[in-house]
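To start, the structure under review is shown below, and the notes come after it.
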Amino acid sequence: MLDAQFIREHPDLVRRAIAQKGTEEVSVVSSILEADERHRAAVTELQDIRTEANDEAKKIGRLMRDGEQKAARVAMANAGKLKSRAKEVEELVRETEAILNILLLVVPNIPHTSVPIGKSPEDNRVVKEYGLRPELDFDPLLHWEILEKYDLADFDRGSKVAGAGFPFYTGKGARLQRALINFFLDVAVEEGGYIEIQAPLVVNNASATGTGQLPDKEDMMYEIKRDGLFLIPTAEIPVTNFFRDDIIPESDLPIKFCAYTPCFRREAGSHGKTVRGLNRIHQFDKVELVQFVHPEKSYEALESLREDAESILKKLELPYRRLLMCTGDMGFTQSKKYDLEVWSAAQKRWLEVSSISNFEAFQARRMQIRYRPSDGSKLQILHTLNGSALAIPRVVAALLENNQHADGTVAIPDVLRPYTGFDTIG
RNA sequence: GGAGGGGUGGCAGAGUGGUUGAAUGCGCUGGUCUCGAAAACCAGUAUACCUGUACGGGUAUCGAGGGUUCGAAUCCCUCCUCCUCCGCCA
């Protein structure tokens, strides 16, 4: 969320941002300014009353000690009056604060100036395409056909045991995914300098609010009502909340974490061809990168994080493209976001395998993650970023489709062979 | 799951109703001293918010939230969390 003070000082900037993102009415800014005004007036009044009440209480203490019972009783009566007045104003403060907070939570993050203005996915900018899309001179199988042919996954049994969208991975299919997880983590740790984290797979309400999934996007998450927990839709939530309410010395920045976790997404209402096979499932594996950085370094960090994700696609020799998301398609919490999409040779379409975002202070402010400047000046909110590196199932889909040969076999990329222990499938 | 004991400032650790935002020690910063350093000594050292042109003034915060009281770190209730013992368990 944005700071009320920031909105107070830059109302037009915020209005423009809301218009560009299109998630909310611009008029919310005026409502916020008004609510903020009323809230501050109430706070000031309450504080004045308390000042008086505190003085009175101290006076009573003095009088009691000096044995002046009568004067003390007079002061007590006066203090009692102040107390009931304070109670009324307290209620007003609570009320105005609640209104202000509700309004503040719906204000989206402000897009960076380099972000193209647009409404829909068509307005996203394809920045660059890497690698050559394979020209297959035979009738290629779709990845779900390959999975079935070689017993790499079992969707039907997954449906029986859990439900649609919870496949089993079997044999080489399971091993291939484990290989990818290990490979991605090794690249992040050894080449990217990320600290490996194993995170809780469930989070509480406060954590989901901190990264921005709540209050709005709770429909994407599986909820364990009985215990007040959510299954994580991404490692972003637990890993970013690692430092919630913490103060980090400036000299420790940047802090870079990587984490492998399964991810659980309800994906309500999606059916059809584009979600077949591994294209969109309720539980999938992902390696996530998260960075906590100095505010002045966050755009630099965004590019390096992006390169960390891209380096994996290059090593796997997968053709991919990079999209710069437009204001209307990048979501509520981001200031700037790239998507990486890998080419799927049999489906003949692009699959999103990574989403890399700079949230600036938007998440960190919700979570109160601050750093202590080395020069001793006052605490500052830091910036958070994250990116997938990468989502596993769609990488599997692309690998199977792109690397299949006319004889039906599928080649494993060189870099993965030490991890899989086999060179081909089929 | 049962029984008991804790959660105080960067850290350690006092404080059971009255000028306690909080003793003391350590750490840190500045100064004195010194050729320099150490030691010693002196001073400073939380966060958020409100208010004020400024110097400043004020409010809140001792795990969280309620309550009692003129006044709460201190008393009461609920919750969270940590520790010890017992039970259960991959």
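In what follows, chains are A, B, ... by sequence order, proteins preceding strands, each numbered from 1.
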query = Quick one: do the Lys286(A) and Thr234(A) side chains pair a donor with an acceptor below 3.5 Å?
reply = yes
message = Suppose you measure atom C1' in rG15(B) against the same atom in rG66(B); what distance do you get, rounded to whole Å?
response = 25 Å
query = Which part of the nucleic acid, if any, lies within reach of Asn54(A) when heavy atoms closer than 4.0 Å are counted: base, sugar-phosphate only, or nothing?
reply = sugar-phosphate
All salt bridge (charged side-chain N to carboxylate O under 4.0 Å, His left out) counterparts of Lys59(A), not counting sequence neighbours = Glu56(A)
ask   = What distance, rounded to whole Å, do you find between the two C1' atoms, one in rA22(B) and one in rC77(B)?
value = 25 Å
ask   = Going by atom types only, do Gln363(A) and Thr384(A) share a side-chain donor-acceptor pair under 3.5 Å?
value = yes
key: Backbone of Val203(A) reached by a side-chain donor or acceptor of Ser207(A) within 3.5 Å   = no
task = Would you mind listing every side chain to side chain donor-acceptor pair (under 3.5 Å) that reaches into residues 145-158 of chain A, with sequence neighbours excluded?
result = Asp154(A)-Arg157(A)
Whole-angstrom distance between rA48(B) and rU34(B), as gauged at atom P = 41 Å
note = Across all chains, not counting sequence neighbours, the side chain to side chain donor-acceptor pair (under 3.5 Å) partners of Ser354(A) are none
request  = Can you tell me which residue pairs pass the ring-ring contact (aromatic ring centres under 6.0 Å, His included) test with a partner in residues 182-215 of chain A, sequence neighbours excluded?
outcome  = Phe183(A)-Tyr419(A)
query = rG9(B) and rC35(B): how far apart are their P atoms, nearest whole angstrom?
reply = 43 Å
ask   = Less than 4.0 Å between a side-chain N and a carboxylate O, is that true for Glu317(A) and Lys314(A)?
value = no
inquiry  = Using atom P in both nucleotides, what's the gap between rG31(B) and rC49(B) to the nearest angstrom?
reply    = 31 Å
ask   = Can you tell me how far P in rG21(B) sits from the matching atom in rU78(B), rounded to whole Å?
value = 29 Å
query = Please give, in whole Å, the distance from rG58(B) C1' to Arg50(A) CZ?
reply = 12 Å
remark   = Contact string for nucleotides 62-69 of chain B, one letter per nucleotide 5' to 3', B = base within protein heavy-atom range under 4.0 Å, S = sugar-phosphate only, - = neither, reads -------B
ask   = If you measure only the distance, is there a donor-acceptor pair under 3.5 Å linking the side chains of Gln347(A) and Asn279(A)?
value = yes
query = rU19(B) C1' sits how many Å from Lys58(A) NZ, rounded?
reply = 6 Å
message = Within the 4.0 Å heavy-atom criterion, would you say Ala57(A) contacts the bases, only the backbone, or no part of the nucleic acid?
response = base
inquiry  = Show every side chain to side chain donor-acceptor pair (under 3.5 Å) that has at least one partner inside residues 18-30 of chain A, sequence neighbours left out.
reply    = Arg15(A)-Ser30(A)
inquiry  = If you assign Gly61(A) and Leu46(A) each to the RNA chain B nucleotide with the nearest heavy atom, which residue ends up on the more 5' nucleotide?
reply    = Gly61(A)
Pairs meeting criterion side chain to side chain donor-acceptor pair (under 3.5 Å) with involvement of residues 95-118 of chain A, two or more places apart = Asn109(A)-Ser335(A), His112(A)-Ser114(A), Ser114(A)-Lys336(A)
task = Indicate yes or no: does Glu196(A) engage Lys256(A) in a salt bridge with an N to O separation below 4.0 Å.
result = no
ask   = When rounded to the nearest Å, what value does the distance between P atoms of rA39(B) and rC28(B) take?
value = 9 Å
ask   = Looking only at atom types and distance, does a side-chain atom of His10(A) sit under 3.5 Å from a main-chain N or O of Phe6(A), one as donor and one as acceptor?
value = yes
inquiry  = Applying side chain to side chain donor-acceptor pair (under 3.5 Å), can you list everything that pairs with Asn54(A), at least two apart in sequence or on another chain?
reply    = none
Close N/O contacts between protein and nucleotides 78-83 of chain B (under 3.5 Å):
none

ask   = Between atom CG in Asn78(A) and atom P in rC70(B), what is the gap in whole Å?
value = 13 Å
inquiry  = Expected output check: what is the dot-bracket annotation of RNA chain B, where ( ) and [ ] are pairs inside the strand (brackets for crossing ones), | is paired with another strand, and pairs are Watson-Crick or G-U under 3.5 Å?
reply    = ((((((((.[[[..)..(.....]]]((((((.......))))))((((((....)))))).[[[[[..)....]]]]])))))))....
request  = Give the B/S/- string for nucleotides 44-55 of chain B, one per nucleotide from 5' to 3', where a protein heavy atom under 4.0 Å of the base yields B, of only the sugar-phosphate yields S, and otherwise -.
outcome  = ---SSBBS----
remark   = By side chain to side chain donor-acceptor pair (under 3.5 Å), Glu190(A) pairs with (sequence neighbours left out) none
Integer angstrom distance from the C1' of rG25(B) to that of rU74(B) = 23 Å
request  = Check the distance between rC70(B)'s P and Met64(A)'s CE and give it to me in whole angstrom.
outcome  = 11 Å
